[in-house]
Q: 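Got a structure for you, questions after.
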Amino acid sequence: MSLLDPIFQLAELGGPVLMILVAVSIGTLALVLNKAWQYQTERVGQNAPIRHALALWDRGDKAGARAALVGLRHFIAPVIESGMALDGRTDAAERLESEAEQRILPLEKGFRILDTVAQLAPLLGLLGTVLGMIEAFQALQEAGSQVDPAALAGGIWVALLTTAAGLAVAMPTSMALSWFEARIDSERALADYALKVLASPGLATESGMAPSAEASPALPAQTPQPHGA
């Protein structure tokens, strides 16, 4: 048995449209795995150390903030380090924004391909079904009064196979694309927040929570008042 036999059987069963969908699914899976590996290596979503460093900077601990960024492999860390080195220079704000966006753009590569696959795979499957139904009804016409219902039913389910294949390719692709886009939206919001904190430290608190005990002024102790005073 040759290695190409399964491919020939698949082509015979579903036609060229099904073969195209199989090739598209393999390419899409490779792209999704590549993006997942890229996000892992760039530390996308692993934002706790970045937020910790920003909180230190926001409280005025600039040395601690710089130390917290040492050795971080997060993709936005070099931009934050550059912003801390500038230490409040407002003339470099636009440059820092551009640098942050340039580091986000590679993480969005491939999104158009995934979106195209999610939209066109069902249509491609529907095309295969229509072509298969045309062939089935042509066979029905040629058979005349000697119609075999089993053969007709077999032709119809084979035709519908391409629609199922198109949906099977489109749905996981759409889910993966939505997850990637959500991650990028979160990273872009983090980059914007980081640049705002670097430009105006002391105006925000870590993760939107109340100021820490170190930054909060101590309240004067209240002495109990005697009854009847």
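Not measured: the values here are computed from a predicted model. Numbering starts at 1 and runs along the sequence shown.
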Q: When rounded to the nearest 0.5 angstrom, what distance separates CG in Leu177 from OG1 in Thr173?
A: 8.5 Å
Q: Donor-acceptor check, side chain of Ser200 to backbone of Val197, threshold 3.5 angstrom: yes or no?
A: no
Q: If you take all heavy atoms of Ile80 and Ala194, which pair is closest and at what distance?
A: CD1-CB, 3.9 Å
Q: With distance as the sole test, does Glu97 use its side chain to make a donor-acceptor pair with the main-chain N or O of Leu195 at under 3.5 Å?
A: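 The answer is no, because no donor-acceptor pair under 3.5 Å joins these two groups.
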Q: Using every non-hydrogen atom in the two residues, find where Ala168 and Pro172 come nearest and quote the distance to one decimal.
A: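 Result for this residue pair: O-CD, 2.9 Å.
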Q: Just jot down the ring pair (Phe, Tyr, Trp, His ring centres under 6.0 Å) partners of Tyr39, sequence neighbours excluded, or say none.
A: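 If we apply the ring pair (Phe, Tyr, Trp, His ring centres under 6.0 Å) test to Tyr39, skipping adjacent residues, the hits are Phe180.
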Q: Shortest non-hydrogen contact from Gln46 to His74?
A: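 For Gln46 and His74, the tightest heavy-atom pair comes out as O-CD2, 3.4 Å.
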Q: Any side-chain heavy atom of Arg103 sitting closer than 4.5 Å to one from Pro78?
A: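 Yes, at least one pair of side-chain atoms sits under 4.5 Å.
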Q: Check Met84 against Ala53 and note the closest heavy-atom contact, atom names and distance.
A: CE-O, 4.2 Å
Q: Taking atom NZ of Lys62 and atom CG of Leu198, what is their separation to the nearest 0.5 Å?
A: 10.0 Å
Q: In Å and rounded to the nearest 0.5 Å, what is the CZ to CD1 distance from Arg43 to Ile76?
A: 15.0 Å
Q: Tell me which donor-acceptor pairs under 3.5 Å the side chains of residues 16-25 have, and how far apart each pair is, sequence neighbours excluded?
A:
from, atom 1, to, atom 2, distance (Å)
Ser25, OG, Leu21, O, 3.4
Ser25, OG, Val22, O, 2.6

Q: Can a salt bridge be assigned to the pair Arg95 and Glu99 using a cut-off of 4.0 Å between side-chain N and carboxylate O?
A: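 Judged by the 4.0 Å cut-off on N to carboxylate O distance, Arg95 and Glu99 do form a salt bridge.
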Q: If I take atom CG from residue Asp185 and atom CG from residue Leu190, how far apart are they, to the nearest 0.5 angstrom?
A: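 Here the interatomic distance stands at 12.5 Å.
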Q: So, taking the atom named CZ in Arg51 and the one named CG in Leu54, what distance separates them when rounded to the nearest 0.5 Å?
A: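 One gets 8.0 Å once the value is rounded to the nearest 0.5 Å.
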Q: So Ile50 and Leu69, do their side chains get closer than 4.5 Å, heavy atoms only?
A: yes
Q: Yes or no on side chain to side chain donor-acceptor pair (under 3.5 Å) for Asn34 and Gln38, after CA distance, side-chain angles and deciding distance?
A: CA-CA 6 Å; Asn34 178 69; Gln38 181 188 23; 5.1 Å; no
Q: Enumerate the residue pairs fulfilling salt bridge (Lys or Arg N to Asp or Glu O under 4.0 Å) with a member in residues 187-202, sequence neighbours excluded, ordered by first and then second residue.
A: Glu101-Arg188, Glu108-Arg188, Asp192-Lys196
Q: Using side-chain heavy atoms (C-beta onward) and a distance below 4.5 Å, is Phe111 in contact with Ile184?
A: yes
Q: Quick check: do Leu31 and Lys35 have side-chain heavy atoms less than 4.5 Å from each other?
A: yes
Q: Hey, does the side chain of Ser186 reach the backbone of Ala182 with a donor-acceptor pair shorter than 3.5 angstrom?
A: no
Q: Are Val32 and Trp179 connected into the same hydrophobic cluster when the rule is that any two of I, L, V, M, F, W, Y join if their side-chain heavy atoms are below 4.5 Å apart?
A: yes
Q: Using only atom types and a distance under 3.5 Å, with no angle test, would you say the side chain of Ser174 pairs donor to acceptor with the backbone of Ala170?
A: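 No, the answer is negative, given that no donor and acceptor are paired below the 3.5 Å cut-off.
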Q: Give the cluster check for Met171 versus Ile113: same hydrophobic cluster or not, with ILVMFWY residues linked at side-chain heavy-atom distances below 4.5 Å.
A: no
Q: Counting N and O atoms only, with roles assigned by atom type, does the side chain of Thr129 sit under 3.5 Å from a partner on the main chain of Thr162, one being a donor and the other an acceptor?
A: no
Q: Contact between Arg66 and Leu56 at the side-chain level, heavy atoms closer than 4.5 Å - yes or no?
A: no
Q: Can you hop from Leu161 to Leu120 via hydrophobic side chains spaced under 4.5 Å?
A: no
